[in-house]
There are 2 protein chains.
Amino acid sequence: MTKRNATSADVAILAGVSQSTVSRSFDPDSRISEATRQRVFAAAEKLGYQINKAAQTMIKKRSDLVGLVTAGLEDPFRSEFLHKLIVEVQNCGLRPMVMDVSNQQTIDEELHGLIQYQLSGVIITSGTPSENIGKAFIRHGIPVVLVNRTEHSDEADIVNLDNEGAGAIAAEAFMKSGKTNLVVVRAKKPSFSSVMRAKGFLNYLASHINNDEIQATEVLCETGSYDSGYQIADKILTSQHKPDGVFFCMDHIACGFLDAAKQLITAKEMQSIGVIGCDDIALARFKAYDLTTVKQPSTEIAKAAVQTLLNRLKYPTSAPSKQAIPAELIYRSTLAKPITD
Amino acid sequence: MTKRNATSADVAILAGVSQSTVSRSFDPDSRISEATRQRVFAAAEKLGYQINKAAQTMIKKRSDLVGLVTAGLEDPFRSEFLHKLIVEVQNCGLRPMVMDVSNQQTIDEELHGLIQYQLSGVIITSGTPSENIGKAFIRHGIPVVLVNRTEHSDEADIVNLDNEGAGAIAAEAFMKSGKTNLVVVRAKKPSFSSVMRAKGFLNYLASHINNDEIQATEVLCETGSYDSGYQIADKILTSQHKPDGVFFCMDHIACGFLDAAKQLITAKEMQSIGVIGCDDIALARFKAYDLTTVKQPSTEIAKAAVQTLLNRLKYPTSAPSKQAIPAELIYRSTLAKPITD
DNA sequence: TTGTACGCGTTATCAA
DNA sequence: TTGATAACGCGTACAA
């Protein structure tokens, strides 16, 4: 009942070997006779023995926990991405420790707490930790991977979507479809991803417009939420300069817009307005929206993030890496694929 | 650079006290002079000292990690619920270690791995672990809280939505609205929640029907997904016994149904068919669906689950608890609130 | 209130 | 291949 957990010493006695031999038996890289190993396993099984990770961590100075720092999980993309990270971390034999830093004035303090866990690494996907928090981790020997946070860091590895490229893809699609009056929508509060996407969108147009035929303006909505998209629709659709193409830096803002549009204008009118979202969240393919979007390959990015971490653990002193993963246009019904030659 | 992390011993030397005094300084319950504590804190700050959780866990025989076992995170409700659990666990000064057991043939083995972490507890919200896995945890002194998994356990604490009550609420709502030809839809693969909801729905009707005026049948769709709802619409809407009220055991199945219905029948026809979902996921309030639903108060359930765990840690030997948290009807446009006197 | 001494369960080192 | 022994960094009796 209240008997304490079996230790390697208990197993050793039952198996008639030394405690060190038990330890070695559970290390695949240790050379040990198959006979004793089996004897040890049998004894361990009988006692319900499990390695004590705390003790192991003390020696190795490294737990196999990976900190996943996130925020704003009400954003569907972030949520979907977190899940992929969780699965990916698990697949590498590591364990995800999740940390939500939404509504935290004291992010830095909170993050410092993670140092206590001798983490194998930290993957930061959201939140706005100060520059030096990353350095704090590095100083304590904990590798940091930044995902969609910034373009440059002296110490942390970086994995990003090619956000500018994503914006450019949307712009290109509109041009191919002959749209001439464009709008790009992002949340007022600047996030790295959204700002870069909008920038990529506008830059592409600027460098591909030879005359004044195409106009593009940036519109800011309140937040990066469905509701914000819903609210901004009126402003966009009733302007004297009604656009024929709208690029949203996040899918669910686009969904809000589409729902509002159904009430503001006729389906026929709506058909002439192309809409492109960004991320390709699950919702985008629902029939209610069927949203053409620039897909952020989240599985690939999650894999890359974890792989980057493993690499860093293997080569702790190599130079910080940086990769930008390309986006991909998914045509659905809000902007039909143009007939190509 | 490669200097090792500061330990309590280092802090002790710098502060001119013993190592145990440092240890005590970081324990709020320890009585210690404020002067020395401040001196210790100052020294700790200077050295960037952080408690080593591994060492702490060894002594206390308990980490402050809580295992969150889940599966099928593509289901929006599960995903939303996981996030609330994460936040709730964090708010209690504990850390969530998430484990996804989707597509795992070896759930039991995987779960056994958790024992290595000296977890403070495990909250199981999904997956179909065998009965004895719970017992394995208990045997190792790790409390288990089951959420929406079953109605009975000898060893684990249980927190459930009142699933039968949720079904009954939906049935009652249809009756109040004068609906007479009802259908309840759940996924073919029986999950505890869905089965109980359907059961509650049908039982309520059975015990409140005094004549043959009301008919109710159960329809099974392939899985618990949006697509399944989309696919099942045809079968429901083209039956010779077309219903005037449909209860879906999960919101997003209802959303799939609604999207399909828009293409199968006119908006006018659809108006005469009441639709109720269950869970109240974020999607349900989007204008594209505006789904009347039986809300599963997920924040409350998450709070209850964590609180139950804390209670168990406080009183390890008390009898297993069981609570059913009531659901609540949220009227939206797919079934209008009847005018009451 | 503070210090001394010990043990938690594992891995790593070294010798056999 | 195996065994003895020494850390790892903390919490906690016990003594002062």
Side-chain angles (χ1 to χ4, degrees), chain A residues 2-41 43-44 47-65 113 115-120 140-141, chain B residues 2-41 43-44 47-65 113 115-120 140-141:
Chain A
T2 324
K3 70 167 175 249
R4 83 191 203 305
N5 287 354
T7 72
S8 56
D10 301 328
V11 176
I13 293 171
L14 181 58
V17 296
S18 76
Q19 182 270 330
S20 337
T21 299
V22 175
S23 175
R24 275 190 282 259
S25 301
F26 285 92
D27 174 8
D29 297 337
S30 251
R31 251 172 288 287
I32 207 173
S33 86
E34 198 51 34
T36 43
R37 175 168 269 155
Q38 289 314 322
R39 205 143 37 89
V40 168
F41 280 178
L47 296 177
Y49 168 74
Q50 296 276 341
I51 290 183
N52 183 323
K53 282 287 180 185
Q56 188 182 63
T57 300
M58 278 202 50
I59 300 293
K60 299 219 196 181
K61 305 205 168 297
R62 176 148 290 164
S63 74
D64 42 16
L65 257 33
I115 293 172
Q116 306 178 333
Y117 287 87
Q118 323 296 103
L119 299 179
S120 283
H140 285 265
Chain B
T2 325
K3 70 170 175 247
R4 84 191 201 302
N5 287 353
T7 72
S8 56
D10 300 328
V11 176
I13 292 171
L14 181 58
V17 296
S18 75
Q19 178 269 325
S20 28
T21 298
V22 174
S23 176
R24 276 189 281 258
S25 301
F26 284 92
D27 174 9
D29 297 337
S30 249
R31 250 172 290 287
I32 208 174
S33 87
E34 197 50 34
T36 44
R37 176 168 268 154
Q38 287 315 321
R39 204 144 36 91
V40 168
F41 280 179
L47 296 177
Y49 168 75
Q50 295 277 343
I51 290 182
N52 183 324
K53 283 287 181 185
Q56 188 182 62
T57 300
M58 281 206 45
I59 300 290
K60 298 222 201 180
K61 306 206 166 294
R62 175 149 290 164
S63 73
D64 40 16
L65 257 34
I115 293 172
Q116 305 179 333
Y117 287 87
Q118 322 297 102
L119 300 179
S120 283
H140 285 265

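The sequence lines fix the lettering, A, B, ..., with proteins before strands; numbering per chain opens at 1.
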| query | Among the nucleotides D:dT2, C:dT2, D:dG3, which one has an atom lying closest to any side-chain atom of A:Ser33? | reply | D:dT2
| query | Hey, what do you get for CG (B:Asn5) to CG (B:Asn52), rounding to the nearest 0.5 Å? | reply | 8.0 Å
| said: For a side chain to side chain contact (heavy atoms under 4.5 Å, CB included) check, start with the C-alpha distance between A:Ile32 and A:Phe26, then their side-chain angles and the critical distance, and finish with the verdict. | reply: CA-CA 10 Å; A:Ile32 207 173; A:Phe26 285 92; over 6 Å; no
| Looking at CD of A:Gln118 and NE2 of A:His140, how far apart are the two atoms once the value is rounded to the nearest 0.5 Å? | 10.0 Å
| message | Does C:dG3 have OP1 or OP2 under 4.0 Å away from a side-chain N or O of B:Thr21? | response | yes
| task | Measure the distance from CZ on B:Arg31 to C1' on D:dG11 and round it to the nearest whole Å. | result | 17 Å
| How would nucleotides 8-15 of chain C be written as a contact map, 5' to 3', with B for base contact, S for sugar-phosphate-only contact and - for no contact, using protein heavy atoms under 4.0 Å? | BBBBBB--
| Residues B:Lys53, B:Leu65; criterion side chain to side chain contact (heavy atoms under 4.5 Å, CB included); working and verdict | CA-CA 10 Å; B:Lys53 283 287 181 185; B:Leu65 257 34; over 6 Å; no
| field | CD on B:Gln116 to OG1 on A:Thr57, rounded to 0.5 Å | value | 10.0 Å
| Cut-off 3.5 Å, side chains only: do A:Ser8 and A:Gln19 have a donor facing an acceptor? | yes
| When the distance from CZ of B:Arg37 to C1' of C:dT2 is rounded to whole Å, what number comes out? | 13 Å
| request: For B:Thr57, answer base if it contacts any base atom (sugar-phosphate contacts may also be present), sugar-phosphate if it contacts only those atoms, and nothing otherwise; contact means non-hydrogen atoms under 4.0 Å. | output: nothing
